[in-house]
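Take a look at the structure below.
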Amino acid sequence: MQDYQYPIDLDWTTDEMVTVMNMWEALEKANEVGINNENFLAAYQQFKTVVKSIGEEKRLGREFEKVSGYSLYRTVQMAKKNQKKTLKMNG
């Protein structure tokens, strides 16, 4: 796991920041070592309780992809289609 500057909003509560950071960590795991698919989707559902608008989700996703190279959108799409227990992005 790299040490990225996770995109967060300073107006969020501590709990909301933790929820969003858990999503970025799950995204890293899905791209680097693999993660349980259900756990990834659960982290995404929690993330959506904080980041409700698609515009904000896209903005945060782009910010994270810029520093990490990992696409939130592509990873979520793969997780939704994934039939396996583990989610591991290729490349």
Side-chain angles (χ1 to χ4, degrees):
M1 303 277 162
Q2 300 292 322
D3 188 22
Y4 303 118
Q5 185 70 36
Y6 291 132
I8 56 170
D9 186 328
L10 298 178
D11 292 334
W12 293 334
T13 66
T14 301
D15 286 345
E16 289 172 331
M17 286 183 191
V18 168
T19 296
V20 171
M21 291 178 71
N22 286 341
M23 178 72 251
W24 301 137
E25 289 171 3
L27 182 58
E28 282 182 90
K29 284 183 184 171
N31 282 272
E32 294 175 3
V33 294
I35 187 172
N36 179 286
N37 200 69
E38 286 181 23
N39 292 350
F40 179 82
L41 289 172
Y44 180 69
Q45 290 305 319
Q46 286 296 307
F47 172 79
K48 291 301 291 174
T49 66
V50 177
V51 180
K52 293 177 174 67
S53 84
I54 193 72
E56 186 179 13
E57 179 181 342
K58 285 180 178 181
R59 179 182 62 78
L60 292 168
R62 278 192 304 267
E63 286 180 29
F64 188 72
E65 188 170 1
K66 197 182 298 182
V67 296
S68 69
Y70 304 142
S71 169
L72 174 62
Y73 176 79
R74 284 194 302 273
T75 307
V76 169
Q77 293 305 306
M78 176 70 90
K80 288 178 177 178
K81 290 187 245 174
N82 189 19
Q83 299 295 314
K84 299 176 188 156
K85 186 174 177 117
T86 302
L87 173 66
K88 173 73 169 90
M89 297 298 287
N90 298 326

Checklist entry - Less than 4.5 Å apart, any side-chain heavy atom of Asp9 and any of Glu56? => result yes
Checklist entry - Can you tell if the side chain of Leu72 reaches within under 4.5 Å of the side chain of Met23, non-hydrogen atoms only? => result yes
Item to check | Non-neighbouring partners of Glu63 that pass salt bridge (charged side-chain N to carboxylate O under 4.0 Å, His left out), sequence neighbours left out | outcome: Arg59
Checklist entry - Which residues satisfy the salt bridge (charged side-chain N to carboxylate O under 4.0 Å, His left out) test with Glu16, sequence neighbours excluded? => result none
Hphob cluster co-occupancy, [X] + [Y], side-chain heavy atoms under 4.5 angstrom:
X: Leu60; Y: Met21; result: yes
X: Val51; Y: Leu10; result: yes
X: Val67; Y: Ile8; result: yes
X: Trp12; Y: Leu27; result: yes

Separation of [Y] [atom2] from [X] [atom1] (nearest 0.5 Å):
X: Gln77; Y: Ser71; atom1: CD; atom2: OG; value: 9.0 Å
X: Asn22; Y: Tyr6; atom1: CG; atom2: OH; value: 9.0 Å
X: Tyr73; Y: Met78; atom1: OH; atom2: CE; value: 12.5 Å
X: Met89; Y: Glu32; atom1: CE; atom2: CD; value: 12.5 Å
X: Asn31; Y: Leu87; atom1: CG; atom2: CG; value: 8.0 Å

Item to check | Any residue meeting side chain to side chain donor-acceptor pair (under 3.5 Å) with Asn82, in chain and number order, not counting sequence neighbours | outcome: Asn37
Next on the checklist: Thr19: which residues meet the side chain to side chain donor-acceptor pair (under 3.5 Å) condition with it, sequence neighbours left out?
Outcome noted: none
Checklist outcome for this item: Nearest heavy-atom approach of Lys29 to Ile35 is CB-CB, 4.1 Å
Checklist entry - Pairs in or reaching into residues 66-86: which pass salt bridge (Lys or Arg N to Asp or Glu O under 4.0 Å), with residues at least two apart or in two chains? => result Glu65-Arg74
Item to check | Pairs touching residues 37-53 that satisfy salt bridge (Lys or Arg N to Asp or Glu O under 4.0 Å), sequence neighbours left out | outcome: Lys48-Glu57
Checklist entry - What pairs with Phe47 under ring-ring contact (aromatic ring centres under 6.0 Å, His included), at least two apart in sequence or on another chain? => result Trp24
